[in-house]
Asker: 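My structure is below; once you've seen it, I'll send some questions.
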Amino acid sequence: MLHFLKKTAALIWAKKHVRHTEEFKKNAEKNQEELLLSLVHTAKKTLFGREHDFENIKTVKDFQEKVQVSDYEDLKPYIERVKKGQANILWIEIPEYFAKTSGTTSGSKYIPISKEGMPFQVKGAQSALFHYIVKKNNADFVNGKMIFLQGSPELKEVFGIKTGRLSGIVAHHIPKYLQKNRLPSWETNMMEDWEAKVDRIVEETEKENMTLISGIPPWLIMYFEKLTEKHGRKIKQIFPGLQLIVTGGVNYEPYRDKMEDLLGGSVDIVQTFPASEGFFAFQDDYTKEGLLLLTHHGIFYEFIPLEDYGKRDARRLTLKDIELHKDYALILTTNSGLWAYSIGDVIRFIDKDPYRILVSGRTKHFTSAFGEHVIAFEVEEAMKATLEKFPAQITEFHLAPQVNPEEGLPYHEWLIEFEKEPENTDAFRTELDHQLRKRNTYYDDLISGNILQPLHITYLKKHAFHEYAKSQGKLGGQNKTPRLANDRKIADLLEIHKR
């Protein structure tokens, strides 16, 4: 009876929530402009607001003229003052939290999360589940056990501001109605050694009725592999009640074949797009690609065409200006005090009614040693199309330029860890090169013009990416190895593990 009541209540809540979301889908452009002006008005007396003349910002155009696009280095002087407990710097109050992330140029980054911004991190995930319940007319999973593969929830204080990984912060805000069903235990979640932590999670979950599992694909795969190695069975045999996997952090498609093989049965997948700076989008329609952009969650969005990114006069577009199937650098203004902030993600719109996006790459993760500017979406789609033609399966890959080969023309080197290697390696290599040439005309021109030779594949040993991440202290949590680089720093370390 209790199970029936929980399921019924979830269905009622979900239907009510989804009805309420129809308004923001229809009025996204108007709501976005109103949101920006509201954020500016709220922060006009802050240090940042006074320095950027917020008092006289009346339109989006005014804002774009007075506030330049920034990155973490630009905002760091303000954040350093906030870290010392000073209020009214970027936002009217000191943040409720700092989400601590690892940066490549800035060392550790401290991303502010205000008391206004924190609820949207939780509401984004809740909304994704509510949409799933309504679309599938299925709330059975609420009666089983749920696991969230995440970082430690232990928080430290920086001048009185609670600080930790985003996933650890969110763990403190899991709704009470989910807490009893939630795994792993608090003690296990506190473990920092990721391998030992996953082993403990396996012990705590292997005999439970797991119905929902959440995490980023590389670490879901690690957890599933440990389970299948221990039991000699597929995941759906170990967890016959498993209905739903919620994932985010990276594009799911390159991992789909590997996941389906490990699962060994049908499980629904919901993809999301969260970050320390905000919860941006989730999959709301399982019949088509794309994630619903959340335009009413305290974030004003701007979009810089990728070809303009980094230029002083770069065009800053809003929703009304965007084109479909074009790559844009994502720029955020948030209710936690980030102003025209470049998050580093590249997105493309695939629908305007409502606005749906794909995450197509990172502004700093590309290969353009020869002017080709290959991005993640292109290499992932090329790999996906190639795998559809060959009975092969990959675990992970990384692409880097080889500018000075020992002989012959330069080339792209693909370092690939295969789960199942192609029988005809030359044909696989040729097809992969062909698929990338179809997707990037500059790369195609370089091959045709004999500037580059076709790509090379370096075959890596099993667990190569796992060992690389471990050697860099980036095993677990939200860490993931970039799929592309414009240098050989990662490639040279991976080559240690070549067959």
Asker: Once salt bridge (Lys or Arg N to Asp or Glu O under 4.0 Å) is applied, do any residues pair with Glu396, and if so which ones, sequence neighbours excluded?
Answerer: Arg483
Asker: Please collect all salt bridge (Lys or Arg N to Asp or Glu O under 4.0 Å) contacts where either partner lies in residues 138-153, sequence neighbours excluded, each pair once.
Answerer: Lys7-Asp140
Asker: Check side-chain hydrogen bond (donor to acceptor under 3.5 Å, both in side chains) between Glu307 and all other residues, then give those that pass, not counting sequence neighbours.
Answerer: Arg315, Lys326
Asker: Does the pair Glu29/Lys320 count as a salt bridge with the N-to-O cut at 4.0 Å?
Answerer: no
Asker: Examine His173 together with Tyr97 and report whether their ring centres are nearer than 6.0 Å.
Answerer: yes
Asker: Identify, with sequence neighbours excluded, every residue that meets ring pair (Phe, Tyr, Trp, His ring centres under 6.0 Å) alongside His131.
Answerer: His17, Phe282
Asker: Determine which pairs satisfy side chain to side chain donor-acceptor pair (under 3.5 Å) with at least one residue from residues 278-294, sequence neighbours left out, and list them in order.
Answerer: Asp284-Arg356, Asp285-Thr287
Asker: Which residues pass the side-chain hydrogen bond (donor to acceptor under 3.5 Å, both in side chains) test with Ser38, not counting sequence neighbours?
Answerer: none
Asker: Could you tell me which residues satisfy ring pair (Phe, Tyr, Trp, His ring centres under 6.0 Å) with Tyr341, sequence neighbours excluded, listed by chain and number?
Answerer: none
Asker: Could you note down all residue pairs passing salt bridge (Lys or Arg N to Asp or Glu O under 4.0 Å) where residues 32-46 supplies at least one of them, sequence neighbours left out?
Answerer: Lys30-Glu34, Lys45-Glu55
Asker: Go through the structure and list residues passing salt bridge (Lys or Arg N to Asp or Glu O under 4.0 Å) with Arg256, not counting sequence neighbours.
Answerer: Glu253
Asker: For His412, what residues pass the ring pair (Phe, Tyr, Trp, His ring centres under 6.0 Å) criterion, not counting sequence neighbours?
Answerer: Tyr443
Asker: So which pairs with a foot in residues 114-125 pass salt bridge (Lys or Arg N to Asp or Glu O under 4.0 Å), sequence neighbours left out?
Answerer: Glu93-Lys115
Asker: Restricting to ring pair (Phe, Tyr, Trp, His ring centres under 6.0 Å), what partner residues turn up for Tyr78, sequence neighbours left out?
Answerer: Phe48
